[in-house]
Q: 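First the structure, which I've put down as structure tokens, then a few questions once you've had a look.
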Protein chains: 2
Amino acid sequence: MAVTIKDVAKKAGVSPSTVSRVLSNHPRISRETTRKVKEIMEEMGYHSNIMARSLVSNKTYTLGMVLPRPAEELFQNQFFAENIRGITTQASRNGFDVLMTAGHSEQDELEAVTRLVKGRRVDGIILLQSRKNDPIIVFLKKEEFPFILIGHYGDDDILCVDNDNIQASFDATMHLISQGHERIGFVSGPPNLTVSQDRLEGYRKALAENGLRMLSEWIVEGEFLQESGYRAMSFFMNLPERPTALVVIDDIVTFGILRGLTELGFKVPQDLSLVSFNNITLAELSSPPLTSIDIGIYQLGYMASQLLIRQIQGDKPQLLRTIVPHRLFVRESSLNLKRNWS
Amino acid sequence: MAVTIKDVAKKAGVSPSTVSRVLSNHPRISRETTRKVKEIMEEMGYHSNIMARSLVSNKTYTLGMVLPRPAEELFQNQFFAENIRGITTQASRNGFDVLMTAGHSEQDELEAVTRLVKGRRVDGIILLQSRKNDPIIVFLKKEEFPFILIGHYGDDDILCVDNDNIQASFDATMHLISQGHERIGFVSGPPNLTVSQDRLEGYRKALAENGLRMLSEWIVEGEFLQESGYRAMSFFMNLPERPTALVVIDDIVTFGILRGLTELGFKVPQDLSLVSFNNITLAELSSPPLTSIDIGIYQLGYMASQLLIRQIQGDKPQLLRTIVPHRLFVRESSLNLKRNWS
DNA sequence: CTGAAAGCGCTTACAG
DNA sequence: CTGAAAGCGCTTACAG
């Protein structure tokens with residue numbers, strides 16, 4: 001069996017209480033005792049049993065996270081790895097681990113969260129996505145359990161870290177307008193995600209402020225998948241009056257659009273200019289390189305971890321909503337070369 | 001406070017022991033009692049405290065995993081998300097969660113694993129990478145703690161799930177040979193990773209079996225980064241006698257090569273044919289599309305989870321080393337078009 | 001089929 | 001500065 005606090009106590013000639021106090025750096029233990037106990041712990045290879053400690057202290061030093069479902073797979077492949085790295089790195093720095101669980105349906109996910117929360121398995125939950133009327137959020141609020149959302153949830157007063165997606169999308173659209181475009185389309189993601197809604201709003205705002213036409217047929221909804229881009233592309237290119245530029249919800253979707261355009265013999269940016277979001281590594285490498293808005297994925301994760309841990313430790317957050325800044329990277333896919341569309 | 005087994009017992013008019021037995025589906029409990037207790041658990045919103053349960057049963061139903069360090073970042077971004085999804089999905093199906101921790105140095109990583117193992121925080125460990133003389137593996141073997149390696153570790157008798165990377169690389173090289181190439185180079189990864197060594201070996205074997213020349217200057221080592229590809233490319237293209245085709249350790253590295261070639265005005269596959277590994281989503285989308293060997297990343301994770309859980313549950317594995325099959329996807333980057341190199 | 005009791009490895013008032 | 005004792009929420013022989 002593993003070495004316990006008792007074994008150490010016996011060998012050191014002190015009580016288990018004392019060993020426990022040494023472990024938690026209790027102030028009223030003599031230097032000499034501390035030194036001796038630590039030496040013996042080292043010698044015996046003692047490691048405190050986390051389950052036991054957590055049972056009595058009611059703290060787990062663990063953050064919980066639910067893996068998004070496969071539907072969002074491609075989007076997540078890019079987003080997710082960076083995000084997780086941010087979350088886990090910051091958690092580790094603060095002595096926290098990250099527990100992942102997966103659900104195959106919305107119901108599964110809720111059950112998984114319930115198990116983690118009610119089973120006192122984690123001290124807080126990080127949500128990677130925000131849907132409309134998310135039952136998980138409803139549950140966590142009801143339980144008053146610490147959690148943080150990457151994204152936001154209506155105007156609700158919950159702790160979250162987010163981009164200003166309205167502004168980001170406004171910026172993306174303005175960039176196209178500044179390149180001389182007047183017919184600009186929008187390729188959106190699943191309409192129940194707040195990120196889709198916000199970016200659509202920013203796009204609309206930019207068009208409105210510039211007195212540009214806003215046709216409903218220039219807005220297409222889809223998934224975070226290449227196929228969605230491909231489909232949107234063929235829809236747009238068959239319109240009698242087609243847009244000359246698109247704002248696209250995600251780089252992956254843009255890759256689908258690009259592929260379709262290449263197959264049909266269209267050129268980017270000459271026939272269609274493109275701006276998208278997320279600035280994944282490969283945005284820069286595609287041909288042409290993609291103009292994309294970097295949303296600071298790593299930082300989103302990092303901040304989420306940080307703020308949640310503070311909340312767990314009882315700090316009152318100054319702001320409920322933390323904004324991670326975005327930045328537009330202009331590349332060839334949106335540069336005003338010789339245009340075919342004039 | 002949360003509802004405990006005692007609360008349920010009191011309300012149901014039975015002893016805590018009985019409630020516990022209902023919880024674990026003990027066979028000798030009457031239907032009637034079971035029904036009643038379950039009803040009350042439901043009614044009170046009871047969820048068993050995982051820490052307490054795990055303290056006494058000495059089982060955590062958790063698999064541990066150490067996040068690879070940032071050095072391998074880009075490689076991992078692609079690999080990792082798929083892999084984790086495989087691991088977590090299969091773990092969840094079996095009632096296990098996955099605990100992640102991060103280390104910033106080899107020393108950190110070892111400490112993290114020690115903490116998980118000695119602190120009885122997890123029932124088994126999944127290692128995502130195999131280095132030469134990995135101290136973590138040495139530690140786990142010494143502790144006789146259940147673990148599984150994605151990859152392999154020399155010829156050691158440890159549980160692992162792996163590709164046949166020698167054969168895969170042999171296949172990749174043979175494909176180039178079948179396209180008429182005689183001067184074939186190899187862009188490798190970090191030399192201390194077994195995956196680098198195996199793929200190099202497969203490449204050499206194919207050249208040897210076909211009596212092709214094997215110049216040491218046609219082999220370049222690097223990281224799983226675009227920059228490595230870029231550098232390898234400029235090295236190769238400045239050789240007096242340069243290869244006409246390359247086998248490349250990873251798609252990301254190939255993207256770097258592609259970018260460099262494009263900048264210099266070279267064409268793929270005409271000036272240089274390319275085959276690489278991993279077949280990430282974007283391999284298909286690059287221009288030209290990349291020929292790549294799919295190594296079944298999701299399946300690697302899935303199998304690892306499955307086999308580790310079996311091991312934890314005491315099943316003797318039939319085979320220590322499980323091979324996930326690979327498959328070559330031939331695309332334009334290696335097709336024999338009009339060649340410039342003849 | 002069910003209960004009382006001991007115990008998993010730790011923490012923490014209470015007392016000295 | 002340190003120890004004895006109670007207790008965190010559960011499981012599991014032992015006894016009936």
Side-chain angles (χ1 to χ4, degrees), chain A residues 1-38 40-41 44-62 95 114-123, chain B residues 1-38 40-41 44-62 95 114-123:
Chain A
M1 274 318 298
V3 182
T4 74
I5 223 173
K6 276 191 187 170
D7 303 324
V8 174
K10 185 173 290 175
K11 190 145 181 180
V14 297
S15 75
S17 322
T18 301
V19 176
S20 171
R21 290 193 181 100
V22 169
L23 226 45
S24 56
N25 293 313
H26 191 100
R28 288 203 298 254
I29 296 287
S30 75
R31 292 199 162 284
E32 176 54 16
T33 308
T34 302
R35 196 197 52 69
K36 183 166 185 190
V37 168
K38 284 202 165 158
I40 289 180
M41 290 194 317
M44 301 180 76
Y46 172 78
H47 278 260
S48 116
N49 182 310
I50 301 167
M51 299 302 176
R53 179 195 288 241
S54 131
L55 177 58
V56 40
S57 67
N58 219 5
K59 285 174 204 140
T60 64
Y61 295 100
T62 305
T114 306
R115 191 171 48 81
L116 297 187
V117 169
K118 296 269 201 172
R120 303 269 150 205
R121 181 147 217 194
V122 299
D123 296 337
Chain B
M1 276 316 300
V3 181
T4 73
I5 223 174
K6 277 191 186 169
D7 304 323
V8 175
K10 185 174 290 175
K11 191 145 182 181
V14 298
S15 75
S17 322
T18 301
V19 176
S20 172
R21 290 192 181 102
V22 169
L23 226 44
S24 55
N25 292 313
H26 191 101
R28 288 203 298 254
I29 297 286
S30 75
R31 291 198 163 287
E32 176 54 17
T33 307
T34 302
R35 196 196 52 68
K36 183 166 184 189
V37 169
K38 284 200 166 156
I40 289 179
M41 289 195 316
M44 302 179 77
Y46 172 78
H47 279 259
S48 114
N49 181 310
I50 301 167
M51 300 301 175
R53 179 196 286 239
S54 132
L55 176 59
V56 40
S57 68
N58 219 5
K59 285 173 202 142
T60 64
Y61 295 100
T62 305
T114 306
R115 192 171 47 80
L116 297 187
V117 170
K118 295 269 200 173
R120 302 269 150 204
R121 180 148 218 193
V122 299
D123 296 336

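Proteins come first, then strands; the chains are lettered A, B, ... in the order of their sequence lines, and each starts at number 1.
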Q: Does any part of the side chain of A:Asn49, heavy atoms only, come nearer than 4.5 Å to the side chain of B:Leu55, both counted from C-beta?
A: yes
Q: Atom NZ of A:Lys59 to atom C1' of C:dT12: distance rounded to whole Å?
A: 12 Å
Q: Shortest non-hydrogen contact from A:Tyr46 to A:Ile5?
A: CE1-N, 3.6 Å
Q: Considering only atom C1', compute the distance from D:dT12 to D:dG16 and round it to an integer number of Å.
A: 16 Å
Q: Is the closest side-chain donor-acceptor distance between A:Thr33 and A:Arg21 under 3.5 Å?
A: no
Q: According to a strict under-4.0 Å criterion, is A:Ser30 in side-chain N/O contact with OP1 or OP2 of D:dT2?
A: yes
Q: Can you measure B:Met41 atom CE to D:dG9 atom C1' for me and round it to whole angstrom units?
A: 15 Å
Q: Would you indicate what A:Ser24 reaches in the nucleic acid, counting non-hydrogen atoms under 4.0 angstrom: base, sugar-phosphate, or nothing?
A: nothing
Q: Between D:dG9 and D:dA13, how far is it from one P atom to the other, in whole Å?
A: 23 Å
Q: Can you find a side chain N or O atom of A:Thr4 that sits less than 4.0 Å from OP1 or OP2 on C:dG9?
A: no
Q: Under 3.5 Å, is there a donor-acceptor pair between the side chain of A:Asp123 and the main chain of A:Lys59?
A: no
Q: With pairs defined as Watson-Crick or G-U wobble and both distances under 3.5 angstrom, please note down DNA chain D as a dot-bracket string, | for pairing with another strand.
A: |||.||||||||.|||
Q: For A:Ser57 and for B:Val14, find the nucleotide of DNA chain C with the closest heavy atom, then tell me which residue's nucleotide is more 5'.
A: B:Val14
Q: Round to the nearest Å and state the distance from A:Asp7 atom CG to C:dC10 atom P.
A: 9 Å
Q: Nearest whole Å is fine: how far is D:dT12 P from B:Asn58 CG?
A: 11 Å
Q: Can B:Leu23 and B:Met41 be said to form a side-chain contact (heavy atoms from CB on, under 4.5 Å), step by step?
A: CA-CA 10 Å; B:Leu23 226 44; B:Met41 289 195 316; 3.5 Å; yes
Q: For D:dG3 and A:Thr18 - does any side-chain N or O of the residue sit under 4.0 Å from the phosphate oxygens OP1/OP2?
A: yes
Q: Is A:Arg120 close to B:Met51 at the side-chain level, that is, under 4.5 Å between some pair of heavy atoms?
A: no
Q: How is A:Ser20 classified with respect to the nucleic acid when contacts are heavy atoms under 4.0 Å: base, sugar-phosphate, or nothing?
A: base
Q: Restricting both atoms to N or O, compile the protein contacts to nucleotides 13-16 of chain D shorter than 3.5 Å, with distance only.
A:
unit_1: D:dA13; atom_1: N6; unit_2: B:Arg21; atom_2: NH2; d: 2.4

Q: Do you know the tightest heavy-atom contact between B:Thr60 and B:Ser54?
A: CG2-OG, 4.0 Å
Q: Is a side-chain donor-acceptor pair under 3.5 Å present for B:Ser20 with B:Ser17?
A: no
Q: Take the protein atom CG of B:Asn25 and the nucleotide atom P of C:dC1, then report the distance between them rounded to whole Å.
A: 14 Å
Q: Expressed as a whole number of angstroms, how long is the span from B:Leu23:CG to C:dT2:C1'?
A: 16 Å
Q: Within the structure, does a side-chain N or O atom of A:Arg53 lie under 4.0 Å from either OP1 or OP2 of C:dT11?
A: yes
Q: Measure the distance from CD on A:Glu32 to C1' on D:dT2 and round it to the nearest whole Å.
A: 14 Å
Q: Please report the distance, rounded to the nearest Å, between CD1 in A:Ile5 and C1' in D:dG3.
A: 13 Å
Q: Does A:Arg31 or B:Met51 map to a spot on DNA chain D nearer the 5' end, using the closest nucleotide for each?
A: A:Arg31
Q: Of the options D:dT2, C:dT11, D:dC10, whose atoms approach the side-chain atoms of B:Asn49 most closely?
A: D:dC10
Q: What's B:Ser54 touching, base or sugar-phosphate or nothing? Going by heavy atoms closer than 4.0 Å.
A: nothing
Q: What residue among A:Met44, A:Lys6, A:Lys36 forms side-chain contact (heavy atoms from CB on, under 4.5 Å) with A:Lys11?
A: A:Met44
